[in-house]
Engineer: 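Just passing along the structure, written as structure tokens.
Counting starts at 1 for both ligands and their atoms, following the listed order. Numbering of residues begins at 1 and proceeds along the displayed sequence. Everything quoted here is computed from the prediction, not taken from an experiment.
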Amino acid sequence: MDVNTAGESADTDVDAVVIGAGFSGLYMLHKLRKQGLDVRVYEKGDEVGGTWYWNRYPGARCDSESHIYCYSFDGDLHEEWEWSERYPEQPEILEYLQWVADRLDLRRNIAFEREVTSATYDESSDTWSVEMADGERVSTRYFITAVGCLSKPFRPDFDGRDEFEGDWHHTARWPEDGVDFSDKHVGVIGTGSTGIQFISAVGGRADHLTVFQRTPNYAVPARNRPLEDDRYEEIRANYDDIWERARDSRLGMPFEHEHETAYGLSEDDIREVLEERWQQGGFRFLHTFEPGSILSNAELNETVSEFIREKIREKVDDPETAETLVPTDHPYGAKRPPMDYNDYYGTFNRDDVSLVDVDAAPIERVTAGGIRTTDDHYDLDVLVYATGFDAMTGALLALDVEGPNGRTLEQKWNAGPRTYLGLMTHGFPNLFTITGPQSPSVLTNMPMAIEQHVEWIADCIGYMDDHGYDRIEASEASENQWVQNTNMLAENMLFSEAKSWYRGANVPGKTQVFTPFPGGLDNYREICARVARDDYDGFELGRPSSSAGDAVSEADD
Ligand code: NAP
């Protein structure tokens, strides 16, 4: 009989299996363990951290301000921890999560270096059987994914990709020991949030940095700075209020907006408030107006987009390079807005940094010595893929989930993900997806969205225990309505005007459908709370003896 890491027999049931030991998995473990469940977390890496374990590229930093990019559930945690800068850098976030894992004694329930290769639902026992790459198998009542929304790296399948004889790295799988760029010709593909951070950090550290850009982006200054003691004291003194406002906001950030909409304001007034917010930096700029209005009012959006375009032109010396860096193909915010930490646009004024427009002259192939576009060949020693992720669904589908009757999640989501509240998907009982598709997730400050999901799931399991249920499943009707609702909200916004990972447009062949819930964290929280209050309205609950066919709704309890 195989023995797992805790020394138990491999066929031992646990109450809950959680996949992933990042922000979500750690809190889910803590919450369920406190409710008396036997929980096992499986983590592919050899440490906790999730996103912040894997994304160690130079310049990696979070765009949410540090005092709100952390857990809010335990006052002692933010009383004891102190962030050093306005925006936290990757090593500091990783250190924070390691500290939380130790502080809450979480490691004893985490099995590291365990990659899940399949999860299969056994109808006869109403349990999930989860299998690891090393053959270990565990059966569980609840199967909870905490795999993150941006965790399966995407690397374009360029012709000749494997012929490159230099070093290549994807930013999301960066070597722990780092990469030496000195005296090297470095090429980087991608100018999303990651590429922008990487380029600003590495420009000037390599003999030459060549940036291969397909679509320019709107980078807003973050205005990072050290967090002074008095600012920290003010934050600590007001934490309760900060968290309350964050939970009640659209983006999970406690920032006031100057105006609800731009209605009635002159163009000059709008530009004045934009300039104020530009000076404040970061997501406060997106909050100049109620964020929903910038993302749904095309005229206002064009004013904001043009404001940023002018800023870009001011910063770049060479007019031709400036025009290549100015985005005109999509409205601001229709793609995830990136932040500029280190004079991104000014980096292109350096002699040792050059920009190649691979929209105008596409990459033809990777060669042994570099990259060939339709125009030219670029000699490279190091090639960096800052090319993003198979977002939102990639990591979930990689788990190879098979529900009752042998139907796989991949089959079910063939035409795009379908969920109820982003928490469960019909046909897959007792499978909870933290920050799953059609929940606010990536459109918010992630820890806020994560905490809400974890707490909802823990409450739901507590409710099931209290009422003698052991099986829960989203009903098909409620799922259909939720998917329709999410799509409708997205269609009324400007998201469809960009080829973004929000819509799966970055991965060739992927079904294009807007995936996060765009109605705001505040509204979403209310909907989830009402569903729970109404005895899990829209879910079907079943008792131990019930099979898939005789799941009973809560109404007959
Ligand atoms: P991304 O936004 O998807 O950007 C990928 C980049 O690679 C884009 O510029 C894309 O060009 C380019 N690309 C992809 N395939 C290509 C091809 N075949 N040829 C040429 N260029 C290609 O990925 P990301 O920058 O890793 O960011 C993903 C998300 O992670 C962010 O939006 C954000 O939510 C999160 N993130 C957050 C932070 C932070 O908080 N500071 C930092 C990094 C990432 P196109 O635009 O033309 O597709």
Engineer: Look at Glu92 together with Arg86 and state whether they make a salt bridge at an N to O cut-off of under 4.0 Å.
Structural biologist: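 No.
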Engineer: Assess whether a salt bridge exists between Arg247 and Glu244, defined as any Lys/Arg side-chain N lying under 4.0 Å from an Asp/Glu carboxylate O.
Structural biologist: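 No.
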Engineer: Got the closest protein heavy atom to atom 9 (O) of ligand 1, with its distance?
Structural biologist: Thr191 N, 2.8 Å
Engineer: What I want to check is whether the side chains of Lys499 and Thr215 have a donor and an acceptor closer together than 3.5 Å.
Structural biologist: no
Engineer: Note the single closest protein heavy atom to atom 41 (N) of ligand 1, along with its residue, its atom name and the distance in Å.
Structural biologist: Arg61 O, 2.5 Å
Engineer: Can a cation-pi geometry be assigned to Arg350 and Phe348, taking NZ or CZ under 6.0 Å from the six-membered ring centre and within 45° of the ring axis?
Structural biologist: no
Engineer: Check contact between Val442 and ligand 1, using heavy atoms of the residue and a distance below 4.0 angstrom.
Structural biologist: no
Engineer: Could you tell me, atom by atom, which parts of ligand 1 come under 4.0 Å of a heavy atom of Thr215?
Structural biologist: 45 (P), 46 (O), 47 (O)
Engineer: Between Trp168 and Arg155, is there a cation-pi geometry (under 6.0 Å to ring centre, at most 45° from the normal)?
Structural biologist: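 Positive - Arg155 is close enough to the ring of Trp168 and near enough to its axis.
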Engineer: With only distance considered, is Tyr57 within less than 3.5 Å of ligand 1 through an N or O on each side?
Structural biologist: no
Engineer: Give the contacting part of Ala386 toward ligand 1: side chain, backbone, both or neither, where contact means a heavy-atom distance below 4.0 Å.
Structural biologist: backbone
Engineer: If we count only N and O atoms by modelled type, under 3.5 Å, do the side chains of Ser64 and Asn445 hold a donor and an acceptor together?
Structural biologist: yes
Engineer: Pro156 heavy atoms, cut-off 4.0 Å: which ligand 1 atoms fall inside?
Structural biologist: 15 (N), 16 (C), 17 (C), 18 (N)
Engineer: Give me the residue, atom name and distance of the protein heavy atom closest to atom 1 (P) of ligand 1.
Structural biologist: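 Answer for atom 1 (P) of ligand 1: Trp501 CD1, 4.0 Å.
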Engineer: Check if Phe158 has a non-hydrogen atom at a distance under 4.0 Å from any atom of ligand 1.
Structural biologist: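 So Phe158 counts as touching ligand 1.
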Engineer: List the closest protein heavy-atom neighbour of atom 25 (O) of ligand 1: residue, atom name, distance to the nearest 0.1 Å.
Structural biologist: Thr194 N, 2.9 Å
Engineer: With a 4.0 Å heavy-atom cut-off (strictly under), which part of Tyr69 contacts ligand 1: side chain, backbone, both or neither?
Structural biologist: neither
Engineer: Taking NZ, NE, NH1 and NH2 as the nitrogens, is one of them in Arg313 or Glu310 under 4.0 Å from a carboxylate oxygen of the other?
Structural biologist: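 Answer for the salt bridge query: no.
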Engineer: Is the Lys NZ or Arg CZ of Arg173 less than 6.0 Å from the centre of Trp54's six-membered ring, within 45° of the axis?
Structural biologist: yes
Engineer: Do Arg525 and Glu455 meet the salt-bridge criterion of a basic N to acidic O distance under 4.0 Å?
Structural biologist: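 Result for this pair is no, no salt bridge flagged.
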Engineer: With side-chain contact (heavy atoms from CB on, under 4.5 Å) as the test, would you mind laying out the steps for Leu443 and Tyr502 before giving the verdict?
Structural biologist: CA-CA 9 Å; Leu443 298 180; Tyr502 289 154; 3.5 Å; yes
Engineer: Could you tell me the residue and atom name of the protein heavy atom closest to atom 37 (C) of ligand 1, and the distance to it rounded to 0.1 Å?
Structural biologist: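 In this structure, atom 37 (C) of ligand 1 has Arg336 NH2, 3.6 Å as its nearest protein heavy atom.
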Engineer: May I ask you to identify the nearest protein heavy atom to atom 4 (O) of ligand 1, giving residue, atom name and distance to one decimal place in Å?
Structural biologist: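 It is Gly192 CA, 3.7 Å.
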Engineer: Considering only heavy atoms, does Met339 approach ligand 1 within less than 4.0 Å through its side chain, its backbone, both, or neither?
Structural biologist: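 No part of Met339 is near ligand 1 at this cut-off.
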Engineer: Going by the atom numbers of ligand 1, which of them fall below 4.0 Å from some non-hydrogen atom of Ile189?
Structural biologist: 20 (C), 21 (N)
Engineer: Between the side chains of Lys184 and Asp167, is the shortest nitrogen-to-carboxylate-oxygen separation below 4.0 Å, so that they form an ion pair?
Structural biologist: no
Engineer: Is it possible for you to check whether Arg284 lies under 6.0 Å from the centre of the six-membered ring of Phe255, through NZ or CZ, and within 45° of that ring's axis?
Structural biologist: yes
Engineer: Closest non-hydrogen protein atom to atom 23 (O) of ligand 1, residue and atom name please, with distance?
Structural biologist: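 Of the protein heavy atoms, Gly388 CA, 3.1 Å lies nearest.
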Engineer: For ligand 1, is any non-hydrogen atom under 4.0 Å from Lys335's backbone (N, CA, C, O), its side chain (CB onward), both, or neither?
Structural biologist: side chain
Engineer: Among all protein heavy atoms, pick the one closest to atom 35 (C) of ligand 1 and tell me residue, atom and distance.
Structural biologist: Leu150 CD1, 3.7 Å
Engineer: Relative to the heavy atoms of Gly190, which atoms of ligand 1 are at a distance of less than 4.0 Å?
Structural biologist: 6 (C), 7 (O), 9 (O), 12 (C)
Engineer: Is it the side chain (CB and beyond), the backbone, both or neither of Ser193 that lies under 4.0 Å from ligand 1, heavy atoms counted?
Structural biologist: both
